[in-house]
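The structure presented is a predicted model; accordingly, all values stated were derived computationally and were not measured. The basis for the numbers below is simple: all heavy atoms, side chains too, and nothing from hydrogens, waters or symmetry mates.
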Amino acid sequence: MKLISRGSVIGAASVIALALTSCSAAGTTPDAGGADDAKPTVAFVAAQMTATYFQVMQCGAEAAADKYGVDLDWQGDANWDLQTQTPLINAAVQGSPAGLVLVPTDPVGLIETVENIAGDGIPVITVDGSLDEPVEMQNIRTDNLSAGALAADALAAAIGEKGTVLVIASFPGVAANAERVDGFAERMAEAYPNVTVLPTEYSEADQAKASQKAAAAITNPDLVGIYTTLAPASAGASAAIQAANKSGVVKLVAYDADPSQVADLKAGIYDALVAQDPYGLGYDSVERIAKIVDGSLDPASLEYQEYVTAFIIDRDNVDSDEAQRYIYVPTC
């Protein structure tokens with residue numbers, strides 16, 4: 001597996017020190033009739049726009065757009081929903097962008113849509129999630145199998161390598177999320193025979209539903225740990241553990257690294273966080289489209305699948321320089 005160069009995002013910690021408002025002002029929608037009319041536009045359709053993860057991704061996308069002289073049309077809605085995302089994609093491509101970056105909310109339902117867009121000559125890069133068929137130019141996402149394995153190691157260490165644990169995921173069939181579960185379950189089965197992994201529960205990317213699932217599981221006296229594969233599930237499980245006065249008793253390892261999660265890690269609610277690189281995903285995808293547009297990058301040179309690695313943040317390393325660069329600070 002080829003890893004994305006992180007050279008372009010090493011400066012993320014300093015870049016994200018600016019205000020989010022300046023990020024949004026940099027180019028959410030091209031200004032019709034303005035001085036930047038000659039600039040090509042890169043459309044970027046995300047999802048769950050209220051999530052810190054995607055706010056950080058926007059910061060990376062804005063930084064790349066500014067550096068490479070393109071306008072960024074950043075769109076998305078508050079939910080992870082094919083039905084609400086599809087009209088946004090259609091609206092974005094009606095503006096004839098030079099390229100499209102897409103966070104796919106459905107690995108099957110968006111195949112035809114993306115195939116048609118690519119067929120019209122618009123280069124498409126998918127990030128964070130993936131499609132079940134490689135109809136886009138490139139897919140860039142976290143190596144979720146290895147990240148799931150790292151999560152298993154962290155939770156096994158927290159529970160003394162024995163006991164019963166639960167996984168709370170998003171939706172069945174979402175490839176990237178399924179890999180987070182599979183990597184975890186496979187690692188537990190291979191390395192920790194005294195750990196029992198219960199059947200996966202699905203939260204539908206809803207914090208309240210995740211909290212309900214976790215609260216029900218906590219009534220099992222054998223439950224010693226929970227692993228969550230996305231931020232809303234992480235917040236829901238955290239709330240349920242605290243409401244049951246089980247902080248530090250039911251160990252929690254979770255995807256993502258919002259500042260609030262980091263604070264809860266330090267307070268003993270989480271035992272480890274699986275941090276991704278949303279800034280890098282936003283930056284590198286827009287950079288590649290911009291370079292294809294200006295002719296400095298041959299799209300034929302791109303490998304279809306590229307992965308970025310996750311980083312485990314725990315109480316031992318949370319204040320380290322390396323961990324700081326992975327914390328999701330939602331300001332540009």
Side-chain angles (χ1 to χ4, degrees), residues 1-4 6 9 46-48 51-54 56-57 60 80 101-108 110 125-134 136 138-156 165-192 197 199-205 210 225-234 237 252-258 261 270 272-282 284-285 303-314 326 328:
M1 293 184 296
K2 181 180 177 184
L3 298 182
I4 294 176
R6 294 180 177 271
V9 296
Q48 286 189 312
T52 306
Y53 179 89
F54 289 106
V56 175
M57 188 179 290
W80 188 273
V101 182
L102 173 65
V103 177
T105 57
D106 189 305
V108 176
L110 285 170
I125 294 177
T126 55
V127 297
D128 189 57
S130 62
L131 301 173
D132 282 0
E133 295 180 20
E136 73 274 49
Q138 187 174 50
N139 174 251
I140 311 172
R141 57 191 168 95
T142 300
D143 182 359
N144 287 295
L145 283 171
S146 67
L150 291 174
D153 290 337
L155 187 55
V165 301
L166 175 69
V167 179
I168 303 178
S170 61
F171 295 89
V174 176
N177 218 258
E179 289 177 355
R180 299 175 186 185
V181 177
D182 292 344
F184 178 88
E186 290 168 6
R187 179 64 174 165
M188 281 296 193
E190 292 169 358
Y192 307 105
V197 181
T200 301
E201 296 281 0
Y202 294 96
S203 66
E204 300 179 0
I226 296 176
Y227 162 55
T228 56
T229 65
L230 70 164
S234 303
L252 180 59
V253 171
Y255 249 76
D256 295 316
D258 291 356
Q261 288 177 284
Y270 292 96
L273 301 173
V274 184
Q276 303 183 80
D277 187 11
Y279 187 97
L281 291 175
D284 289 344
S285 56
E303 293 187 16
Y304 169 73
Q305 187 65 69
E306 291 203 10
Y307 293 101
V308 294
T309 55
F311 180 80
I312 294 290
I313 302 177
D314 57 28
Y326 281 94
Y328 304 169

For the student: nearest non-hydrogen atoms of Pro278 and Val56, plus distance: CG-CG1, 3.8 Å
Verdict with reasoning, Asp153 to Tyr192, per side-chain hydrogen bond (donor to acceptor under 3.5 Å, both in side chains): CA-CA 9 Å; Asp153 290 337; Tyr192 307 105; 2.8 Å; yes
Any Ile168 side-chain heavy atom under 4.5 Å of Thr229 side chain: no
Over all atoms of both residues, closest heavy-atom pair of Val108 and Asp106: N-OD1, 2.9 Å
Between CG on residue Asp143 and CD on residue Gln276, distance to nearest 0.5 Å: 11.0 Å
Partner of Pro107 under side-chain contact (heavy atoms from CB on, under 4.5 Å), chosen from Thr126, Asp132, Asn177: Asp132
Nearest-0.5 Å distance that lies between atom OG1 in Thr105 and atom CG in Leu102: 7.5 Å
Audit row: Val165, Leu155, side-chain contact (heavy atoms from CB on, under 4.5 Å) steps and yes/no: CA-CA 9 Å; Val165 301; Leu155 187 55; 3.9 Å; yes
Steps toward side-chain contact (heavy atoms from CB on, under 4.5 Å) verdict (Glu201, Val167): CA-CA 6 Å; Glu201 296 281 0; Val167 179; over 6 Å; no
Shortest non-hydrogen contact from Gln261 toward Ala254: NE2-CB, 4.2 Å
The single option from Asp277, Asp128, Val101, Thr52 passing side-chain contact (heavy atoms from CB on, under 4.5 Å) against Met57: Asp128
Close side-chain approach of Val308 to Arg141, heavy-atom, < 4.5 Å: no
Contact summary for Ser130 and Pro104, nearest pair of heavy atoms: N-CG, 3.6 Å
Euclidean distance, Glu306 CD relative to Ser285 OG, rounded to 0.5 Å: 11.5 Å
Evaluation steps, side-chain contact (heavy atoms from CB on, under 4.5 Å), between Leu145 and Asp182: CA-CA 7 Å; Leu145 283 171; Asp182 292 344; 4.0 Å; yes
Between Tyr270 and Asp314: side-chain donor-acceptor atoms closer than 3.5 Å: no
Test item: side-chain donor near acceptor, Glu136 and Tyr304, under 3.5 Å: yes
Side-chain (Asn139) to main-chain (Gly129) donor-acceptor, under 3.5 angstrom: yes
Rounded distance [0.5 Å steps], CG in Leu150 versus CD1 in Ile312: 5.0 Å
Donor-acceptor side-chain pairing of Asn144 and Tyr307 below 3.5 angstrom: no
Pairwise side-chain contact, Tyr202 with Ser170, heavy-atom cut-off 4.5 Å (strictly under): no
Stepwise side-chain contact (heavy atoms from CB on, under 4.5 Å) test for Leu273 and Tyr328: CA-CA 12 Å; Leu273 301 173; Tyr328 304 169; over 6 Å; no
Closest contact, heavy atoms only, Ser234 versus Thr228: OG-OG1, 2.7 Å
Donor-acceptor pair, side chain of Ser203 and main chain of Ala169, under 3.5 angstrom: yes
Partner set under side chain to side chain contact (heavy atoms under 4.5 Å, CB included) for Ala147, not counting sequence neighbours: Thr142, Tyr255, Val274, Ala310
Contact summary for Glu303 and Gln138, nearest pair of heavy atoms: O-NE2, 2.9 Å
Set of residues satisfying ring-ring contact (aromatic ring centres under 6.0 Å, His included) with respect to Phe311, sequence neighbours excluded: Tyr326
4.5 Å side-chain heavy-atom contact, Trp80 and Pro232: no
Ala231 backbone acceptor or donor facing Asp256 side chain under 3.5 Å: yes
